[in-house]
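Please read these numbers as outputs of a predicted model, since none were measured by experiment.
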Amino acid sequence: AASDVYKRQVILIAIAIIYGATILKVGYFLTTSLFLFSSYYFLGERRWVLMFLLSFPFVAAFMYLLHGVLDIYLRDPFLQSIGVMG
């Protein structure tokens with residue numbers, strides 16, 4: 001049981017390192033959404049709809065607050081490539 005806890009910690013650290021290494025190239029929206037989604041999975045959540053709702057739409061709402069309300073610009077190559085952001 002204790003080895004499972006350490007294994008999960010190592011996996012979460014690896015996910016965080018991958019997140020940090022890819023956020024500038026891929027962009028905030030996709031990397032943060034996938035980081036949250038994969039973290040939920042490795043922490044034991046298996047309700048896929050809940051995992052999706054707490055990652056992708058949540059990050060989209062947060063980005064709206066940053067861009068639309070607070071006027072803070074985050075460069076996002078992924079959203080630019082699909083034409084969402086200019």
Nearest atoms (heavy-atom pairs only) where [X] meets [Y]:
X	Y	answer
L74	H67	N-CE1, 3.3 Å
F52	P57	O-CD, 3.0 Å
P77	L24	CG-O, 3.8 Å

Rounded to the nearest 0.5 Å, how far does [atom2] of [Y] lie from [atom1] of [X]?
X	Y	atom1	atom2	value
L36	E45	CG	CD	13.0 Å
F56	L34	CZ	CG	4.5 Å
L79	F29	CG	CZ	6.5 Å
I23	D76	CD1	CG	8.5 Å
M63	Y73	CE	OH	8.5 Å

Is there a path of hydrophobic side-chain contacts, each under 4.5 Å between heavy atoms, that joins [X] and [Y]?
X	Y	value
L43	L53	yes
I18	F35	no
L54	V49	yes
I13	I11	no

* **More than 12 heavy atoms of other groups within 6.0 Å of R47 CZ** => no
* Asked: Considering residues, nucleotides and ligands other than D4, do more than 12 of their heavy atoms fall under 6.0 Å from its CG?
  -> yes
* Structure fact -> For residues 26-42, the side-chain hydrogen bond (donor to acceptor under 3.5 Å, both in side chains) pairs (sequence neighbours left out) are Y19-T32
* **Set of residues satisfying ring pair (Phe, Tyr, Trp, His ring centres under 6.0 Å) with respect to F62, sequence neighbours excluded** => none
